[in-house]
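Please read the structure below before turning to the comments.
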Amino acid sequence: LLCPCLVYGAYVFLPFDAPLLPTLSARLVYTLRCAAFATFPIVLGMIVSGISRLCSSALEPFGELQREVEIHRTYVSQSVHLFTLYFFNMAVLVTSLPQEALKLIPLLTALFAISRLIYWLSYAVGRSFRAFGFSMTFLPLLAMLLWNLYSMFGLEPENLLA
């Protein structure tokens with residue numbers, strides 16, 4: 001319930017609009033530029049993972065990892081997988097959105113980045129707390145996927161492969 005409320009509140013109350021994007025290629029470039037900001041938590045996780053691996057007391061580089069190193073490595077791996085799904089869904093989503101709704105692209109990008117950071121912090125605190133951060137990432141992704149499938153098969157079945 002929190003994700004739709006956050007996105008709707010930001011959509012209504014934040015004072016910015018998406019630029020005029022009349023062509024499909026301009027929309028895809030806009031999505032690509034927004035998606036670059038969503039990689040910030042992943043790059044930050046890679047940096048912290050590298051630092052924690054350098055500072056760990058493990059003498060063998062291919063030996064068993066300490067919990068702190070494993071947390072960061074798992075976070076980066078899962079974030080890369082989720083980012084791939086996120087990016088492809090955003091690229092499809094931007095093709096079916098009207099111009100007025102293109103403000104959703106940076107808002108969903110910000111939600112992805114913030115929710116990955118929340119997941120990382122809650123995962124470091126304890127494994128039982130990570131469901132909140134994961135659901136903030138996965139549920140908007142699932143909503144985008146469902147909307148994309150609906151818009152492809154329900155709204156425009158004649159333009160499915162066009």
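Being a predicted model, the structure only gives us computed values, none of them experimental. Note: hydrogens, waters and symmetry copies are ignored here, and every other heavy atom, side chains too, is used.
- Expressed to the nearest 0.5 Å, how far CG of L104 lies from CH2 of W147 amounts to 10.5 Å.
- By the criterion of side-chain heavy atoms lying less than 4.5 angstrom apart, applied directly or through intervening Ile, Leu, Val, Met, Phe, Trp or Tyr residues, F153 is grouped together with L145 in one hydrophobic cluster.
- Judged purely by atom type and a 3.5 angstrom limit, R130 has no side-chain atom pairing as donor or acceptor with the backbone of I118.
- Under the 4.5 Å side-chain contact rule for hydrophobic residues, L111 and L121 do not share a cluster.
- In terms of hydrophobic clustering, with Ile, Leu, Val, Met, Phe, Trp and Tyr side chains grouped at heavy-atom distances under 4.5 Å, L24 and F87 are assigned to a common cluster.
- Residues in residues 82-102 take part in these side-chain hydrogen bond (donor to acceptor under 3.5 Å, both in side chains) pairs, two or more places apart or across chains: Y86-T109, N89-N148.
- Between I105 and L93 the shortest side-chain heavy-atom distance falls below 4.5 Å.
- Between A91 and T31, the closest heavy-atom pair is N-CG2, 4.1 Å.
- Looking only at side-chain heavy atoms (C-beta outward), V92 and F88 stay at 4.5 Å or farther from each other.
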CA sep, side-chain torsions, deciding dist, call: Y75, R116, side chain to side chain contact (heavy atoms under 4.5 Å, CB included): CA-CA 9 Å; Y75 163 75; R116 290 315 297 164; 3.8 Å; yes
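- Side-chain atoms of Q78 and T74 form no donor-acceptor pair, as typed in the model, at a separation below 3.5 Å.
- Taking the six-membered ring for Trp and thresholds of 30 and 60 degrees, H72 and W120 have ring planes more than 60 degrees apart, a perpendicular arrangement.
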Side chain to side chain contact (heavy atoms under 4.5 Å, CB included) evaluation trace for L6 with M136: CA-CA 10 Å; L6 285 174; M136 280 187 65; 4.1 Å; yes
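- Judged as a ring pair (Phe, Tyr, Trp, His ring centres under 6.0 Å), and not counting sequence neighbours, the contacts of Y123 are Y119.
- Annotation: ring pair (Phe, Tyr, Trp, His ring centres under 6.0 Å) contacts of F134 (sequence neighbours excluded): F138.
- Here the closest non-hydrogen pair linking K103 and D17 is CD-OD1, 4.4 Å.
- Under the side chain to side chain donor-acceptor pair (under 3.5 Å) criterion, S115 pairs with T137, not counting sequence neighbours.
- The structure places OG of S25 at 12.0 Å from CG of L32, a figure rounded to the nearest 0.5 Å.
- At a threshold of 4.5 Å between non-hydrogen side-chain atoms, the residues F132 and S122 do not count as touching.
- Cluster annotation: F112 is connected to L146 through the hydrophobic network of ILVMFWY side chains, with a link wherever side-chain heavy atoms come within less than 4.5 Å.
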May I have the list of side-chain donor-acceptor pairs in residues 37-51 shorter than 3.5 Å, sequence neighbours left out?
from	atom 1	to	atom 2	distance (Å)
T39	OG1	A36	O	2.5

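- With sequence neighbours left out, the side chain to side chain contact (heavy atoms under 4.5 Å, CB included) criterion links S77 to H81.
- The distance from the CG atom of L142 to the OG atom of S135 is 11.5 Å, given to the nearest 0.5 Å.
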